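In this chain, numbering begins with 1 at the start of the sequence shown. The structure presented is a predicted model; accordingly, all values stated were derived computationally and were not measured.
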Amino acid sequence: MDVLYFAWVRERVGLPREAVETEAATVADLVAELSAREERYAVAFSDMAAIRVALDQELADLDAPLQGVREVAFFPPMTGG
């Protein structure tokens, strides 16, 4: 699946996107898997209350299943004005 990173999440991970092979069942499992890879991922995902996630461009929760998902995007909350 493609994993996309936006704003400061992208800055901390150091990539705008990457293809990830995973056996993770949920978003939370994927975050744990990525965080265990390298320190930069652990830093990026250290405060999940400050990160939103979208699965195939639909907002989702951390317990959302990943089965059949082609794209996961991580980004900070957006504010409007």
Side-chain angles (χ1 to χ4, degrees):
M1 77 179 54
D2 287 330
V3 179
L4 287 67
Y5 309 102
F6 293 94
W8 58 260
V9 182
R10 177 183 61 229
E11 292 172 8
R12 292 177 185 173
V13 171
L15 299 168
R17 72 182 313 142
E18 63 182 317
V20 174
E21 294 289 329
T22 182
E23 296 296 321
T26 66
V27 174
D29 295 339
L30 177 62
V31 168
E33 192 177 286
L34 292 170
S35 294
R37 276 185 170 183
E38 295 178 34
E39 181 66 20
R40 62 188 171 133
Y41 292 96
V43 168
F45 294 118
S46 63
D47 182 9
M48 286 306 295
I51 296 178
R52 299 294 175 261
V53 63
L55 304 179
D56 293 331
Q57 300 183 10
E58 295 285 334
L59 288 176
D61 295 321
L62 289 175
D63 60 354
L66 292 176
Q67 184 175 0
V69 171
R70 293 183 317 248
E71 179 186 275
V72 179
F74 293 103
F75 51 92
M78 296 170 275
T79 59

Check against side chain to side chain donor-acceptor pair (under 3.5 Å), Tyr5 and Glu11: CA-CA 8 Å; Tyr5 309 102; Glu11 292 172 8; over 6 Å; no
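Not a single salt bridge (charged side-chain N to carboxylate O under 4.0 Å, His left out) links Glu33 to another residue, sequence neighbours left out. In this structure, Arg10 has no salt bridge (charged side-chain N to carboxylate O under 4.0 Å, His left out) partners at least two apart in sequence or on a different chain.
Residues Arg17 and Asp2 approach most closely at NH2-OD2, 3.5 Å, considering heavy atoms. Nearest heavy atoms, Leu15 versus Tyr41: CD1-OH, 3.9 Å.
Between Glu38 and Arg12 there is no salt bridge, since no side-chain nitrogen of the basic residue lies less than 4.0 Å from a carboxylate oxygen of the acidic one.
Val69 and Val3 fall within the same hydrophobic cluster, defined by Ile, Leu, Val, Met, Phe, Trp and Tyr side-chain heavy atoms under 4.5 Å apart, directly or through other members. Both Met1 and Val9 sit in one connected hydrophobic cluster of ILVMFWY residues. Membership requires side-chain heavy atoms under 4.5 Å apart, directly or through other members.
Between Phe74 and Leu30, some side-chain heavy-atom pair lies under the 4.5 Å cut-off.
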Using a 3.5 Å cut-off and no angle test, enumerate the donor-acceptor pairs between side-chain atoms of residues 44-66 and protein atoms at least two apart in sequence or in another chain.
residue, atom, partner, partner atom, Å
Ser46, OG, Val43, O, 3.0
Asp47, OD1, Ala49, N, 3.2
Arg52, NH1, Ala49, O, 3.2
Asp56, OD1, Arg70, N, 3.1
Asp56, OD1, Glu71, N, 2.8
Asp56, OD2, Arg70, N, 3.4

